[in-house]
Amino acid sequence: MMKRSMAKKLMTATLSLSLLFAGGAVALPTSAHAATLAERIIDTGDNYMHTPYKFGAPAGSTRVFDCSSFTQYIFKKHGISLPRTSKQQSKVGRYVPRSQLQKGDLVFFSTRSSGGKVGHVGVYIGNGKILHTFGNPQGVTISNMKSGWWSNHYITARRVL
């Protein structure tokens, strides 16, 4: 009887520890997966460096991009659907404070023509930099958003990963 009780306690303890460690193992890959996915999205975007900018570029085109067709395209290549315009994209995912930006977050800016509202989107790539497309001759490029024009026109950020 004592052996049976001891075996039962050992089995319960083993099962409890298994569940505890399995739960921890499941939680970690989620954030690690998002970080890896962000790197892959950024790498995909890097492949289009200097691709020309064209306002209103058609969705799915890789010969020219506008800011939101670019983000839509590189995220879609990794299974994440985004709406077509920067204004629409600024409403998906969840809000992220500027101080908590992570690689892969969408960052939004006003433009001269947007009247203080969202008019531009890029992808945060770390160290205060964004991967995006605008104007010519830049096309797809990397810009520093810590100071200057991009810093002054920053509006918000969203996390979709």
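Side-chain atoms are counted along with the backbone in the values below, which use heavy atoms only and exclude waters and symmetry mates. Only a predicted model underlies this, so the values are computations on that prediction, with no experimental measurement involved.
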Would you call [X] and [Y] a side-chain contact if the rule is heavy atoms closer than 4.5 Å?
{"X": "T62", "Y": "T51", "answer": "no"}
{"X": "M145", "Y": "L101", "answer": "yes"}
{"X": "D46", "Y": "L131", "answer": "yes"}
{"X": "V64", "Y": "Y53", "answer": "no"}
{"X": "V96", "Y": "Q102", "answer": "no"}

Flag the pair D105 and R98 as a salt bridge only when some basic side-chain nitrogen lies within less than 4.0 angstrom of an acidic carboxylate oxygen. no
If you group Ile, Leu, Val, Met, Phe, Trp and Tyr by side-chain heavy-atom gaps below 4.5 Å, do I142 and V107 land in one group? no
Report whether V121 and V92 are members of the same hydrophobic cluster (ILVMFWY, side-chain heavy atoms less than 4.5 Å apart, transitive linking). yes
Between [X] and [Y] (side chain of the first, backbone of the second, donor and acceptor by atom type, cut-off under 3.5 Å), is there such a pair?
{"X": "N127", "Y": "K129", "value": "no"}
{"X": "S151", "Y": "G148", "value": "no"}
{"X": "Q89", "Y": "L106", "value": "no"}
{"X": "R158", "Y": "G93", "value": "yes"}
{"X": "Q88", "Y": "R84", "value": "yes"}

To the closest 0.5 Å, what do you measure between [atom1] ([X]) and [atom2] ([Y])?
{"X": "S110", "Y": "K117", "atom1": "OG", "atom2": "NZ", "value": "12.0 Å"}
{"X": "C67", "Y": "I130", "atom1": "SG", "atom2": "CD1", "value": "10.0 Å"}
{"X": "I125", "Y": "I41", "atom1": "CD1", "atom2": "CD1", "value": "13.0 Å"}
{"X": "K77", "Y": "R40", "atom1": "NZ", "atom2": "CZ", "value": "12.5 Å"}
{"X": "T133", "Y": "M49", "atom1": "OG1", "atom2": "CE", "value": "10.0 Å"}
{"X": "F109", "Y": "W149", "atom1": "CZ", "atom2": "CH2", "value": "8.5 Å"}

If you compare all heavy atoms of S86 against all heavy atoms of G119, which two are closest, and at what distance to 0.1 Å? OG-C, 3.5 Å
Mind listing the closest non-hydrogen atom pair of G104 and L161 along with its distance? CA-CD1, 4.0 Å
Establish, yes or no, whether a centroid distance under 6.0 Å links the rings of F134 and W150. yes
Would you confirm whether the ring centroid of Y48 sits within less than 6.0 angstrom of the ring centroid of F65? yes
Checking V123 against H132 for the side chain to side chain contact (heavy atoms under 4.5 Å, CB included) test, could you report, in this order, the C-alpha distance in whole Å, the side-chain angles of both residues, the deciding distance, and whether it holds? CA-CA 6 Å; V123 180; H132 63 138; over 6 Å; no
Determine whether L37 and I80 satisfy the following criterion, side chain to side chain contact (heavy atoms under 4.5 Å, CB included), listing intermediate values before the conclusion. CA-CA 10 Å; L37 183 55; I80 298 165; 3.7 Å; yes
Listed by chain and number, what are the side chain to side chain contact (heavy atoms under 4.5 Å, CB included) partners of S90, not counting sequence neighbours? F108, V118
